[in-house]
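Encoded as C-alpha cells, the structure appears first; notes follow it.
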Amino acid sequence: MKRELDALLALTAQDARLRALHEKLERLQAQLRQLEGTLAAEQRALDEERRKLEELKRLGRERSAEVDDLDAQLRKYQRQLDEGLLSFKEMEALREKIASGRRRMERLEEEAIELLERAEQQEATLKTQEASFAQWKARLEGEIAELRREIEHQQRVLEQERAKRDRLLKEVEPGLLERYRRLSADYDDPVVPVRDGRCTGCTLQLSEITLERVREGREVTTCESCGRILYAA
Ligand SMILES: [Zn+2]
C-alpha cells in the first residue's frame with residue numbers, strides 16, 4: 001500500500017505543478033492579448049486622426065479650387081464688359097454678377113485659408129504624436145516579442161511536465177487512480193495529509209479508527225466527511 005500511495009502522491013504533486021503552469025501560461029496569454037489590444041487601439045486612434053486631417057486638407061484644396069474657378073469666371077465677365085459689345089441692360093446684369101461673385105469669392109477665400117491653416121496646425125500636432133507613438137510602439141513590440149518567447153518556453157515546459165504525468169499515471173493502481181479522478185473533479189487537493197488528528201482538506205476531527213488506518217498505511221483511507229484520500233504527515 002505504501003508504494004501505491006507514494007505513486008499517487010507523486011501524481012498529485014505533478015497535477016498541482018501542471019495546474020500552476022497552466023495558470024501561469026493563461027496569465028501570460030492574457031497579458032499578451034492585452035498588450036496587442038492596446039497597441040491596435042492606439043494605432044486605430046492615430047489612423048483616425050490622420051484620416052480626419054486628410055479630409056480637412058481635401059476640403060481646403062476643394063475651396064481653393066472653387067476660388068480659382070470663380071476667379072476665372074469673373075475675369076471672363078470682366079473681359080466681356082471691357083469689350084463693350086453688350087447692351088446697357090446686359091452690362092448692368094454682368095456688373096451685378098461680378099459684384100456678387102467677388103463677395104462670394106472673398107468668403108470662399110477666407111474659408112480656404114482657415115481650413116488650410118487648421119490643417120497645417122493639426123499636421124504639426126499629428127507629426128509629434130506619430131513620432132512619440134512610433135517610439136512607444138517599438139517598445140511595446142519588444143515587450144510583445146519577449147512575452148511570445150516566454151509563452152513558447154512555458155508551452156514546452158508544460159508539454160514536458162505532461163509527459164512526466166503520463167509516466168507517473170502508469171505507476172498508480174487503476175482502482176486508486178479512478179478514485180483519485182473522481183475526487184479531482186471536486187477538489188484541487190484530493191489527497192491530503194492528516195495533522196493533529198484532522199483531515200487537512202475539510203478540517204474534520206477524524207475518528208480513532210481512521211487515524212489508526214492512516215498510521216498503519218496498509219490500505220487506502222479516506223476522510224469520513226469529505227472523502228479525500230488521507231496519508232500520514
Ligand atoms: Zn476531510
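Order of appearance sets the numbers: ligands from 1, and atoms from 1 within every ligand. Any value given below was found using the heavy atoms of this structure, including those in side chains, with hydrogens, waters and symmetry copies removed.
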Is the number of heavy atoms from other residues, nucleotides or ligands within 6.0 Å of [atom1] ([X]) greater than 12?
X: Lys57; atom1: NZ; answer: yes
X: Arg215; atom1: CZ; answer: yes
X: Arg104; atom1: CZ; answer: no

Next item on the list: Return the set of residues passing salt bridge (charged side-chain N to carboxylate O under 4.0 Å, His left out) with Arg63 (not counting sequence neighbours), or none when no residue passes.
Entry: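 Arg63 satisfies salt bridge (charged side-chain N to carboxylate O under 4.0 Å, His left out) with Glu66, Glu111 once adjacent residues are dropped.
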
Notebook entry, point to check: Is it true that Glu159 and Arg162 have a side-chain N and a carboxylate O under 4.0 angstrom from each other?
Noted result: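 No, this pair does not count.
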
Note to self: Could you measure the distance from the CZ atom of Arg139 to the CG atom of Leu39? Nearest 0.5 Å is fine.
What the structure shows: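 Reported to 0.5 Å precision, the distance equals 11.5 Å.
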
Note to self: Check for me: within less than 2.8 Å of the Zn ion (ligand 1), which protein N/O/S atoms show up?
What the structure shows: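 The answer, once waters are left aside, is Cys199 SG, Cys202 SG, Cys223 SG, Cys226 SG.
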
